[in-house]
Peer 1: 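Provided herewith is a single structure, encoded as structure tokens, for subsequent inquiry.
Keep in mind that this is a model prediction, so the values were computed, not measured. Note that ligands are numbered from 1 as they come in the structure, with each ligand's atoms numbered from 1 the same way.
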Amino acid sequence: MTDADADEILDELFSVIEQRKADLPEDSYTASLFTHEKGENAVLEKLGEETTELILAAKDDDHEEIAHESADIVYHLLVMLAMKDLDVSDLRDELAERR
Ligand SMILES: N=c1c2ncn([C@@H]3O[C@H](COP(=O)(O)OP(=O)(O)OP(=O)(O)O)[C@@H](O)[C@H]3O)c2ncn1[C@@H]1O[C@H](COP(=O)(O)O)[C@@H](O)[C@H]1O
């Protein structure tokens, strides 16, 4: 996979998240995070849980699980950014400024 493909995947995923936020389909896990009775705590708790799972996977040197949990974190991070009316470009700009 090229860097451009990886970039495209993040943009596509963020675009789907924004669509779920706007349309709130009933069968969508993403939409359920936007409408959760716990409010933003639902996604914040998920970020905490997934981070703990990632740390355990790293301690076990379990590469497959590290990739799995990292993807869970990136997905929930993008949901949180959308919840806060930020964009994936805000993340990209912040990283670019650090080069
Ligand atoms: N990338 C993701 C994604 N990553 C994780 N998850 C969900 O996040 C939840 C993670 O919670 P848990 O850890 O409790 O799940 P689990 O299966 O018990 O545990 P793990 O094995 O995942 O650690 C699961 O329900 C996953 O399905 C995701 N749900 C959706 N997406 C993307 O969002 C798009 C839209 O999804 P919907 O909103 O469901 O239509 C999908 O096409 C995907 O591209």
Peer 1: Going by a strict under-4.0 Å cutoff (protein heavy atoms only), does atom 18 (O) of ligand 1 have a neighbour on the protein?
Peer 2: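 Given the 4.0 Å cut-off, atom 18 (O) of ligand 1 does not count as touching protein heavy atoms.
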Peer 1: What's the spacing between Leu24 CG and Leu33 CG if we round to 0.5 Å?
Peer 2: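 Between atom CG of Leu24 and atom CG of Leu33 there are 11.0 Å.
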Peer 1: Of Glu45, Lys84, Met80, which meets side chain to side chain contact (heavy atoms under 4.5 Å, CB included) against Glu40?
Peer 2: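 Exactly one candidate clears the test, Lys84.
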Peer 1: Specify whether the nearest protein heavy atom to atom 9 (C) of ligand 1 is under 4.0 angstrom away.
Peer 2: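 Under the 4.0 Å cut-off, atom 9 (C) of ligand 1 does have protein heavy-atom neighbours.
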Peer 1: Determine whether any heavy atom of Glu49 lies closer than 4.0 Å to an atom of ligand 1.
Peer 2: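 Checking ligand 1 against Glu49, which is what was asked, there is no heavy-atom contact under 4.0 Å.
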Peer 1: Can you check whether a protein heavy atom sits less than 4.0 angstrom from atom 15 (O) of ligand 1?
Peer 2: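 There is no protein heavy atom less than 4.0 Å from atom 15 (O) of ligand 1.
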Peer 1: Given the protein's heavy atoms, is any one of them under 4.0 Å from atom 27 (O) of ligand 1?
Peer 2: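 When distances to the protein are checked, atom 27 (O) of ligand 1 has no heavy atom within 4.0 Å.
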Peer 1: What protein heavy atom lies closest to atom 44 (O) of ligand 1? Include the residue and the distance to one decimal.
Peer 2: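 Among all protein heavy atoms, the one nearest atom 44 (O) of ligand 1 is Leu13 CD1, 3.7 Å.
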Peer 1: Rounded to the nearest 0.5 Å, how far does OG1 of Thr51 lie from CD1 of Ile73?
Peer 2: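 Between Ile73 CD1 and Thr51 OG1, I get 4.0 Å after rounding to 0.5 Å.
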Peer 1: Measure Thr30 to ligand 1 on non-hydrogen atoms and call it side chain, backbone, both or neither using the 4.0 Å cut-off.
Peer 2: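 It is both parts that get close, each with some atom under 4.0 Å.
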Peer 1: Starting at CD of Glu18, measure out to OG1 of Thr30 and round the result to the nearest 0.5 Å.
Peer 2: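 Glu18 atom CD to Thr30 atom OG1 measures 11.5 Å (nearest 0.5 Å).
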Peer 1: Kindly indicate whether the side chain of Phe34, heavy atoms from C-beta on, has any atom under 4.5 Å from the side chain of Val43.
Peer 2: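 No, their side chains stay 4.5 Å or more apart.
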Peer 1: For Asp93, is there an ion pair with Arg98 - N to carboxylate O distance below 4.0 angstrom?
Peer 2: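 Salt bridge between Arg98 and Asp93, a charged N being under 4.0 Å from a carboxylate O: no.
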Peer 1: Give the residue and atom name of whichever protein heavy atom lies nearest to atom 20 (P) of ligand 1, and the separation in Å to one decimal.
Peer 2: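 Atom 20 (P) of ligand 1 sits closest to the protein heavy atom His68 NE2, 3.6 Å.
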Peer 1: When you measure from atom 11 (O) of ligand 1 to every protein heavy atom, which one gives the shortest distance, and what is it?
Peer 2: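 Here the closest protein heavy atom is Lys46 NZ, 3.2 Å.
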Peer 1: At what distance is the nearest protein heavy atom to atom 39 (O) of ligand 1, and which residue and atom is it?
Peer 2: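 So the nearest neighbour among protein heavy atoms is Tyr29 N, 3.0 Å.
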Peer 1: If we check side chain to side chain contact (heavy atoms under 4.5 Å, CB included) with Phe14, which of these qualifies: Val79, Ile9, Asp87?
Peer 2: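 Result for side chain to side chain contact (heavy atoms under 4.5 Å, CB included) with Phe14: Asp87.
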Peer 1: Answer whether the closest heavy-atom distance between the side chains of Ile66 and Asp60 falls below 4.5 Å.
Peer 2: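 No, every pair of side-chain atoms sits at 4.5 Å or beyond.
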Peer 1: Take atom 41 (C) of ligand 1 and look for protein heavy atoms under 4.0 Å from it; say yes if you find one, no if not.
Peer 2: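 No, no protein heavy atom sits under 4.0 Å from atom 41 (C) of ligand 1.
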Peer 1: Give the numbers and elements of all ligand 1 atoms closer than 4.0 Å to a heavy atom of Val16.
Peer 2: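 Those atoms are 34 (C), 35 (C).
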Peer 1: I'd like the name of whichever of Arg20, Glu50, Gln19, Glu12 reaches closest to atom 13 (O) of ligand 1 through any heavy atom.
Peer 2: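 Residue with the shortest heavy-atom distance to the ligand atom: Glu50.
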Peer 1: Run the salt bridge (charged side-chain N to carboxylate O under 4.0 Å, His left out) check on Arg20 and Asp27 step by step: do they pass?
Peer 2: CA-CA 10 Å; Arg20 296 295 193 267; Asp27 59 349; over 6 Å; no
Peer 1: When you measure from atom 31 (N) of ligand 1 to every protein heavy atom, which one gives the shortest distance, and what is it?
Peer 2: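 The answer is Tyr75 CE1, 3.4 Å.
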Peer 1: Please list the nearest protein heavy atom to atom 23 (O) of ligand 1 with its residue and the distance rounded to 0.1 Å.
Peer 2: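 Going atom by atom, the protein heavy atom closest to atom 23 (O) of ligand 1 ends up being Glu53 OE1, 3.2 Å.
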Peer 1: If you scan the protein for heavy atoms around atom 6 (N) of ligand 1, do you find one that is closer than 4.0 Å?
Peer 2: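 Under the 4.0 Å cut-off, atom 6 (N) of ligand 1 does have protein heavy-atom neighbours.
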Peer 1: For the residue pair Ala31 and Pro25, what are the closest heavy atoms and their distance?
Peer 2: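 For Ala31 versus Pro25, the nearest heavy atoms are CB-O, 3.4 Å.
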Peer 1: Could you work out, for atom 38 (O) of ligand 1, the closest of Ser28, Ala71, Pro25 by heavy-atom distance?
Peer 2: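 Going through Ser28, Ala71, Pro25 one by one, Ser28 has the nearest heavy atom to atom 38 (O) of ligand 1.
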Peer 1: Rounded to the nearest 0.5 Å, how far does CG of Leu78 lie from CG of Asp11?
Peer 2: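 Asp11 CG to Leu78 CG: 9.5 Å, rounded to 0.5 Å.
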Peer 1: For atom 22 (O) of ligand 1, what's the nearest protein heavy-atom neighbour? Residue, atom name and distance, please.
Peer 2: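 Looking at atom 22 (O) of ligand 1, the protein heavy atom closest to it is Asp72 OD2, 3.1 Å.
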